[in-house]
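Here the structure comes first, spelled out in structure tokens, and everything after it is commentary.
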Amino acid sequence: MLYGSRSQTDLTELLETATYPISVATARQEFEDVRLVYADGTEPLAAVLDRIEDRRFDSPDEAQSSIYNSIPFEGVGEPSQSEGEG
């Protein structure tokens, strides 16, 4: 999974720019222009945050873990990667 057209590290760095604890609602607002790039397309980060049941994140690691756990299975992997590669 990528953030924008950059590496996975960018999502980690992006989450580290927020002030914690941060509510999920505030994270949606702060990152409303961020799109995640999946193996099968893209999705706004705000849409992923909508699926998260947590009310707040206490750290960047917690935010990242919750986001990764909310990504559809079909989206995992690098863009243009087929299931048979690797």
Side-chain angles (χ1 to χ4, degrees):
M1 180 200 60
L2 303 170
Y3 151 66
S5 60
R6 300 179 230 160
S7 71
Q8 177 178 338
T9 304
D10 288 336
L11 178 60
T12 301
E13 291 172 359
L14 176 74
L15 294 172
E16 289 174 352
T17 66
T19 302
Y20 293 86
I22 187 172
S23 71
V24 174
T26 299
R28 274 189 217 105
Q29 292 173 350
E30 281 193 30
F31 305 128
E32 69 183 341
D33 60 337
V34 175
R35 292 191 69 81
L36 300 177
V37 179
Y38 301 145
D40 66 343
T42 67
E43 178 179 30
L45 178 54
V48 176
L49 292 169
D50 284 341
R51 294 192 296 268
I52 294 175
E53 294 182 18
D54 300 333
R55 298 184 66 76
R56 75 177 198 176
F57 303 126
D58 291 322
S59 70
D61 289 338
E62 182 182 341
Q64 185 170 339
S65 177
S66 292
I67 290 167
Y68 286 168
N69 287 334
S70 298
I71 292 173
F73 176 76
E74 297 81 19
V76 177
E78 298 293 326
S80 304
Q81 179 180 357
S82 74
E83 290 182 28
E85 290 182 13

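Owing to the predicted nature of the structure, the values given are computational and were not obtained by experimental measurement. Starting from 1, each residue takes its place in the sequence as its number.
If you take CG on Leu45 and CD1 on Ile67, they are separated by 5.0 Å, rounding to the nearest 0.5 Å. Asp54 contributes atom CG, which lies 10.0 Å from atom CG of Leu49 (distance to the nearest 0.5 angstrom).
In this structure, the salt bridge (charged side-chain N to carboxylate O under 4.0 Å, His left out) partners of Glu43, at least two apart in sequence or on a different chain, are Arg51. Partners of Ser23 according to the side chain to side chain contact (heavy atoms under 4.5 Å, CB included) rule, which considers only residues two or more places apart in sequence or in another chain, are Ala25, Thr26. For Asp50, the side chain to side chain contact (heavy atoms under 4.5 Å, CB included) test picks out Arg28, with sequence neighbours left out. With sequence neighbours excluded, the residues forming a side chain to side chain contact (heavy atoms under 4.5 Å, CB included) with Glu16 are Thr12, Pro60, listed by chain and number. Partners of Thr42 by side-chain hydrogen bond (donor to acceptor under 3.5 Å, both in side chains), not counting sequence neighbours, listed by chain and number: Arg35.
In this structure, Leu15 and Phe57 have side chains that are not in contact, with every pair of non-hydrogen atoms separated by 4.5 Å or more.
Of all heavy-atom pairs spanning Ile52 and Ser70, the tightest one is CG1-OG, 3.2 Å.
The salt bridge (Lys or Arg N to Asp or Glu O under 4.0 Å) contacts involving residues 56-68 comprise Arg56-Asp58, where partners must be two or more places apart or lie in separate chains.
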task = Verify side chain to side chain contact (heavy atoms under 4.5 Å, CB included) between Leu11 and Phe31, making sure each step is shown before the conclusion.
result = CA-CA 11 Å; Leu11 178 60; Phe31 305 128; over 6 Å; no
